[in-house]
Undergrad: 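Structure in structure tokens, see below.
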Amino acid sequence: MKTFKAHSHQFSTLFFFLLFLPFLNSQTARQESNTGYTCSTTKNQTNNYPCQSYAFYRAISPNYLDLATISDLFSLSRLAISKPSNISSPSTPLLPNQPLLIPITCSCNFINTTFGSISYSNITYTIKPKDTFFIVSTFNFQNLTTYPSVEVVNPNLVATNLPIGGDAVFPIFCKCPEKTRNSSRFMISYVVQPSDNVSSIALMFGATEKSIVDVNGDKLYDYDTIFVPVDKLPVLKQPSTVAVPSPAPSQNSNGGGSDDDKSGTVRGLAIGLGILGFLLILILGIWFYREILSKKEKKERDIYLGEKGRKGDEYKKKGMDVNFMANVSDCLDKYRVFGFDELVEATDGFDESFLIQGCVYKGEIDGQVYAIKKMKWNAYEELKILQKVNHGNLVKLEGFCIEPEESNCYLVYEYVENGSLYSWLHEDKNEKLNWVRRLRIAIDIANGLLYIHEHTRPKVVHKDIKSSNILLDSNMRAKIANFGLAKTGINAITMHIVGTQGYISPEYLTDGVVSTKMDVFSFGVVLLELISGKEVIDEEGNVLWASAIKTFEVKNEQEKARRLKDWLDKAILKETLSMESLMGVLSVAIACLHRDPSKRPSIIDIVYSLTKCEENGFELSDDGFSSQRLVAR
Ligand SMILES: *[C@@H]1O[C@H](CO)[C@@H](O)[C@H](O)[C@H]1NC(C)=O
Ligand SMILES: *[C@@H]1O[C@H](CO)[C@@H](O)[C@H](O)[C@H]1NC(C)=O
Ligand SMILES: *[C@@H]1O[C@H](CO)[C@@H](O)[C@H](O)[C@H]1NC(C)=O
Ligand SMILES: *[C@@H]1O[C@H](CO)[C@@H](O)[C@H](O)[C@H]1NC(C)=O
Ligand SMILES: *[C@@H]1O[C@H](CO)[C@@H](O)[C@H](O)[C@H]1NC(C)=O
Ligand SMILES: *[C@@H]1O[C@H](CO)[C@@H](O)[C@H](O)[C@H]1NC(C)=O
Ligand SMILES: *[C@@H]1O[C@H](CO)[C@@H](O)[C@H](O)[C@H]1NC(C)=O
């Protein structure tokens, strides 16, 4: 007993040292709290806000080791990160510490007259259990922001009592270069690491030491954000092949060399004992860990399920929660209730190889393939909406599953074979969509929207129409997916802005106005994608719909047609196309993008116009007239 105590004392001293070693070692720890970097909103020649900039981020275990979760964190597409980061395949897992460049839009935001303005990029984060401003700033956002600054930009949130499931803005620190002749094009936000010095940072980003000192001063503080001015993005060195854990080599050497000499036996014994000792420690460790874990779990479960749950063993066995079941009881006859074990079996324990995208897995149950979406408790909204809608151009919900142990809910959808429209338009595929298919897809989406806007009571607004939420089935017919953000309340004003940049309508972004016309706007953006094959936000941060409006502002129809030819997706330029059909779709798209929502066409008009375009397309490709056709160069 005594020796144990002595040991434990030694241990704690050692532990203490290990814990404080980093602090003793570095004299450059940040001194004061940082509420952000001031900027000036006054419009003068040198003011350059807002601007495109980048933040340097490292993949970290355990949560941020793939582009999907990191892009979700920053509300971006995986491609938006993989491109500037020199990563060729966005779906491969990342290694810990793998460097990434995250594109952000930097703006100068006014706080109040006494405080002034600070420059940052708005990143909206949904608060999860156990989150604090400090943890999310230092871990999830890796010190690219600080908790005092988060408090400043979220005056309505009480830091000690954060609403779980609510949204908070995390201001990612950034700076825009001044508009002077010699200034650089970008400022990369970088968090200083204890091992860094100015020369190592300059080397990493291809900047000069002087330019870094000019912007940030000559003293670096650990974990402070600094801004590295560069003219072009540095090319990050990425590990060329991601190490795939190889299957453990088989240990049992059946009847190996039998002529072991004495020393060999001794060595073998020593190794054996070593392994035994190691195993013993391992087993003890695991036992301790499980003991603690199971106690904690039991406590949590008890709190969670309460009296009812403990008695209702049957529910628990089936993996359902009593309260939730009461909420969704009206859906029960419509949908199949899957057992959690069925889903685990179908997806090999939600193994990454079954991941389709985000938190959607592919799994086969009873010979039928499904798409299984893993969600937290917020699934009820989507379920409520989906049970009202049933249409060939909407992805069908087949069933669901509740798993109270980790308070997860799973929605099980029909599996749509050919993946997202986004992947067909923007990722390398052997086959490209031809114009007839694209137009058909546009009409399918419009019909899906027509159904939710006009034939559902109350009306449903999808709120997140984008090419990655359009799925294509085996016949290349389109289905609208992901009603996770959908709303039944129409013409409401919301402060809770959700959606995807590049698709969000201006009135929703600025005033939070929710109406069917916001889906019409996003649909207009999808039409532009179909016509041009371009991404909705390019590498320089230009928004597709804005540049389309600028390009096609001309009155002259011939000039418009000429510009359209320049603008078309190269893949469809090779076809024999009906110019009339193309121009028709373009004008629908431009009409959908009208700034004033009341001037945008209704979905009924859109379906009508697009159907006309389709008829024109067929007529012309059937007869031989080429006067109105655009023939490939
Ligand atoms: C423009 O703004 C900068 C600060 O952003 C300030 O230093 C400069 O004096 C201003 N120039 C003029 C002409 O107002
Ligand atoms: C960022 O958020 C702040 C407050 O939430 C808002 O005033 C500002 O306009 C937003 N900026 C951008 C670029 O969205
Ligand atoms: C962020 O800064 C804190 C110290 O303020 C440090 O302990 C932590 O490791 C940093 N986080 C990352 C991801 O580097
Ligand atoms: C201005 O904002 C700061 C930071 O949120 C706050 O501490 C201060 O009280 C505010 N001042 C006024 C006059 O609202
Ligand atoms: C701009 O850069 C050039 C060469 O890099 C240098 O000769 C010139 O003095 C600089 N001008 C200013 C105003 O700093
Ligand atoms: C900066 O750090 C690098 C290694 O990280 C080291 O080789 C170099 O000597 C350091 N330079 C200075 C000026 O401390
Ligand atoms: C990208 O990363 C690879 C792998 O590390 C590296 O060989 C290459 O030089 C980098 N740059 C470009 C432009 O591909």
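We count ligands from 1, going down the list as the structure has it; atoms in each ligand are counted the same way.
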Undergrad: Check ligand 4 for close polar pairs with the protein: N or O on both sides, less than 3.5 Å.
TA:
residue: ligand 4; atom: 2 (O); partner: Asn112; partner atom: ND2; Å: 2.4
residue: ligand 4; atom: 11 (N); partner: Asn112; partner atom: ND2; Å: 2.9
residue: ligand 4; atom: 11 (N); partner: Thr114; partner atom: OG1; Å: 3.1
residue: ligand 4; atom: 14 (O); partner: Asn112; partner atom: ND2; Å: 3.2

Undergrad: Which residues pass the side chain to side chain contact (heavy atoms under 4.5 Å, CB included) test with Pro99, sequence neighbours left out?
TA: Phe56, Leu236, Gln238
Undergrad: So, regarding Gln193 and ligand 3 (criterion: nitrogen or oxygen to nitrogen or oxygen, under 3.5 Å), is there a contact or not?
TA: no
Undergrad: For Asp167 and Thr126, which I'm curious about, is there any donor-acceptor pair between the side chains at under 3.5 Å?
TA: yes
Undergrad: Indicate, with yes or no, whether the SG-to-SG separation of Cys401 and Cys409 is under 2.5 Å.
TA: no
Undergrad: I'd like to check whether Ser200 has a polar contact with ligand 6, where a contact means an N/O of the residue lying under 3.5 Å from an N/O of the ligand.
TA: no
Undergrad: Using a 3.5 Å cut-off on N or O atoms only, is Asn143 in polar contact with ligand 3?
TA: yes
Undergrad: Around atom CD of Glu539, are there more than 12 heavy atoms of other residues, nucleotides or ligands at under 6.0 Å?
TA: no
Undergrad: State the atoms of ligand 6, each with its element, that fall below the 4.0 Å cut-off from a heavy-atom position in Ser199.
TA: 1 (C), 11 (N)
Undergrad: Please tell me whether Tyr54 and Phe205 form a close aromatic pair, meaning their ring centres lie under 6.0 Å apart.
TA: no
Undergrad: Does anything in residues 110-176 form a disulfide (SG to SG under 2.5 Å)? List the pairs, not counting sequence neighbours.
TA: Cys51-Cys176, Cys106-Cys174
Undergrad: Sequence neighbours left out, what passes side chain to side chain contact (heavy atoms under 4.5 Å, CB included) with Asn542? Give chain and number order.
TA: Asp538, Glu540
Undergrad: Specify the closest pair of heavy atoms between Pro234 and Met204, including all atoms of both residues, with the distance to one decimal.
TA: CB-O, 4.1 Å
